[in-house]
Trainee: 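So that we are looking at the same thing, I have put the structure below in structure tokens.
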Amino acid sequence: MTAPQDASVLSGGFVEPAVQSAHAFRALLAAMARPGTMQTVTGAQPPAPLSVAAGVALLTLADPTVPVHLAGAADTEAVRAWIAFHCGAPLVAAESAAIALGTWDALQPVSRFSMGLPDYPDRSATLIVELPALTASGAHLRGPGIRDRAELSLPETAAFIANRARFPLGFDCLFTSGSTLAALPRSTIVENA
Amino acid sequence: MSIMDRQNWMGLLARARPADLAALLPDLPQSQWLRPPEVGAVMVQGRTGGSGAPFHLGEITVTRCSLQLTCGTVGHAHVQGRDRDHAHRAALVDALMQTGAAADLQARILAPLARIETDARAARAGRAQATKVDFFTLVRGEDA
Amino acid sequence: MYVAVKGGERAIDNAHAWLAEDRRGDTTVAELSVPQIREQLALAVNRVMAEGSLYDPDLAALAIKQARGDLIEAVFLIRAYRTTLPRFGTSIPVDTARMRVDRRISATFKDLPGGQILGPTFDYTHRLLDFKLAAEGAPLAPTPQAAPDMAPVPHVTALLDRDELIEATPDTGEAPPDLTRQPLELPANRALRLQALARADEGFILSLAYSTQRGYGRTHAFVGELRIGAVAVELEIPELGFAITIGEMTLTECETVNQFKGSRTEPPQFTRGYGLVLGQCERKSIAMSLVDRALRWKELGEDFTGAPAQDEEFVLSHADNVQATGFLEHIKLPHYVDFQAELELVRRLRAEALAQTQPSPRAAAE
């Protein structure tokens with residue numbers, strides 16, 4: 001038996017999956033619907049270096065039909081085992097991922113992620129971007145779900161401007177830091193501050 | 001009787017009728033949930049022509065759970081159907097079979113379950129054999 | 001013209017109350033339990049599992065009770081329920097060669113290894129109503145038993161395959177598409193067609209299969225083998241790193257052997273049609289294998305004769321009874337919006353048509 005039997009990677013999931021994943025899904029939905037707003041989530045204790053928010057997003061969004069890519073330092077033995085037990089998601093190369101997780105640097109080049117097809121723009125990747133800090137300041141956001149203008153501490157702007165230009169194709173982003181998350185869907189117009 | 005391997009005992013526990021397992025393990029030892037019992041589905045695959053390329057046939061309901069005994073041993077269960085107690089008991093036996101209690105459990109629970117299963121299968125196969133046809137050819141078409 | 005309406009809530013509540021009362025029927029008659037349905041209406045349960053595409057006899061029995069025996073309504077309930085279940089994974093393909101058979105017959109080979117096992121079949125009954133069943137509690141005669149043979153029974157087609165008389169069905173290793181996750185896209189490969197047929201309406205598939213026998217896309221099918229029995233369902237468990245048996249299910253499998261003179265691309269050999277259905281669903285599995293074979297005309301280099309059973313767009317788009325009944329039955333629901341517009345249009349067209357053909361009475365008087 002080569003599989004990990006270390007109970008530490010088997011803990012840290014939702015204790016009440018039905019209720020907690022419903023709350024988490026609501027938070028993710030609110031984040032996507034209102035780009036730039038901060039959501040606080042709880043309930044996951046993923047192995048380092050994953051943040052609580054990234055763990056919550058994985059528990060809520062990933063399952064055996066959702067291929068996940070772990071980029072850079074996020075790709076550890078413990079994280080792999082944790083995802084195997086709690087999500088059952090297959091781990092794949094960046095090109096075939098529905099969800100990719102890592103720091104912004106580790107996720108580069110983002111052009112390798114699936115952008116969807118003209119008939120099915122939904123067949124695209126969602127990037128979970130781990131940031132050292134996440135604040136409602138920085139790049140200017142406009143577009144659907146934003147009354148006038150929002151601000152978000154994006155790691156850069158050029159990649160998101162290029163992503164918006166491909167709309168309705170493109171990737172969507174969740175930014176996570178500690179137990180905070182915010183989202184940047186492909187529909188949002190990003191401008192330099 | 002030698003101790004079964006884990007793959008076999010997990011399969012036997014999953015195939016057991018919940019009532020049979022409950023009768024053999026009425027009292028549940030202390031444990032802590034790593035994953036409380038959850039009902040879901042598994043997509044079952046068939047093969048084209050019985051042996052060719054796989055295709056999706058349909059789903060089956062499955063209940064799974066994982067737990068940890070007070071000694072730290074971890075037990076898992078994936079059992080057909082929607083019976084949470086069945087999954088709970090299967091995971092407990094899976095964990096206990098990895099401890100010093102294995103020989104005792106093998107004799108008290110696994111061996112009786114295996115016997116029940118073998119008897120039920122033999123009874124069914126016996127009925128099937130009783131409907132086996134003994135042909136005798138009267139005349140072939142081309143001879144007529 | 002848009003007509004917004006509200007109301008009907010009280011009428012709907014009362015209709016549901018009456019439905020519940022009618023479902024129960026005459027209260028002087030004992031109520032049916034779900035286990036009674038599961039055990040004694042097992043073939044209805046099997047049909048609901050097959051077309052609901054979810055193997056769970058207790059749930060299917062409950063659905064039949066709730067639907068008052070309307071099997072398509074019961075299938076609808078099962079399909080709705082299954083969408084609420086998290087998907088834990090995909091099984092290792094079941095091995096039907098290791099099926100513990102209750103029934104196994106071949107119409108093409110009389111003396112086949114393992115023998116012809118009739119199982120609990122209706123085939124040789126006289127189709128005369130048995131009034132003894134109307135009297136409850138009649139004692140059952142014990143079922144005869146012979147010495148059990150637990151050895152797996154080989155597939156008949158494997159015997160033909162050894163002599164290369166029948167086409168091979170290699171495992172291409174291609175990941176099969178999943179109709180429950182991705183919308184139907186045409187052209188469909190065989191794996192997608194088989195998934196659609198396995199959950200298709202039995203009546204629709206039966207009629208299509210019958211049409212091929214009558215000449216609309218004839219495939220010269222013989223039942224090479226029909227088997228019903230239990231197979232193990234095995235699942236790879238990520239946290240364990242190995243596969244375990246998670247349970248057993250009853251399946252019905254049919255393989256047809258089809259005469260084939262050869263075509264532009266294929267040599268003369270026997271070809272195959274395949275049917276595999278959840279539960280004991282014999283008629284459906286035979287029909288499925290005939291329709292599967294008819295749909296394979298392109299890959300075998302046969303001509304498209306315009307037969308419905310050869311037309312995959314026609315077959316796959318209309319085979320699902322939940323889709324079909326959903327679209328069919330929605331037209332009885334309020335369509336005031338569309339109908340108001342239609343009414344206006346018809347009135348105007350009538351007025352124009354009448355004005356052209358008939359001079360107005362006033363004009364005639366002048």
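Please read all numbers here as calculations on a predicted model, not as lab measurements. The chains referred to below are lettered A, B, ... by the order of the sequence lines, with proteins before strands, and numbering in each begins at 1. The figures here come from the full heavy-atom set of this structure, side chains too, leaving out hydrogens, waters and symmetry mates.
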Trainee: Considering residues, nucleotides and ligands other than A:His23, do more than 12 of their heavy atoms fall under 6.0 Å from its NE2?
Mentor: no

Trainee: Where does C:Glu185 contact chain A at under 4.5 Å (heavy atoms): side chain, backbone, both or neither?
Mentor: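 Side chain only.
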
Trainee: Counting neighbours of CD on A:Glu77 that are heavy atoms of other residues, nucleotides or ligands and sit closer than 6.0 Å, is the number greater than 12?
Mentor: no

Trainee: Would you indicate whether C:Phe327, at its atom CZ, is surrounded by more than 12 heavy atoms from other residues, nucleotides or ligands within a distance under 6.0 Å?
Mentor: no

Trainee: Considering all heavy atoms of both residues, which atom of A:Gly88 and which atom of C:Pro238 are nearest to each other, and what is their separation?
Mentor: CA-CG, 4.4 Å

Trainee: Tell me, yes or no, whether the heavy-atom count around C:Arg98 atom CZ, taken from other residues, nucleotides or ligands under 6.0 Å, exceeds 12.
Mentor: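 12 or below, so no.
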
Trainee: Does atom CZ (A:Arg34) have a neighbourhood of more than 12 heavy atoms from anything else shown, all under 6.0 Å?
Mentor: no

Trainee: Please check if atom CZ in A:Phe113 has more than 12 non-hydrogen atoms from other residues, nucleotides or ligands closer than 6.0 Å.
Mentor: yes

Trainee: Residue by residue, which of residues 117-130 of chain A have a heavy atom closer than 4.5 Å to a heavy atom belonging to chain C?
Mentor: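 A:Tyr120, A:Arg123, listed by number.
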
Trainee: Under 4.5 Å heavy-atom distance to chain A, tell me which part of C:Arg181 shows up: side chain, backbone, both or neither.
Mentor: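 For C:Arg181, the side chain is the part near chain A, not the backbone.
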
Trainee: Within a 6.0 Å radius of atom CD on C:Glu9, are there more than 12 heavy atoms belonging to other residues, nucleotides or ligands?
Mentor: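 Result for CD/C:Glu9: open.
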
Trainee: Looking at A:Thr65, A:Ile83, A:Asp63, which makes the most heavy-atom pairs under 4.5 Å with chain C?
Mentor: A:Thr65

Trainee: Around atom CD of A:Glu16, are there more than 12 heavy atoms from other residues, nucleotides or ligands closer than 6.0 Å?
Mentor: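 Atom CD in A:Glu16 is not packed in, count stays at 12 or less.
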
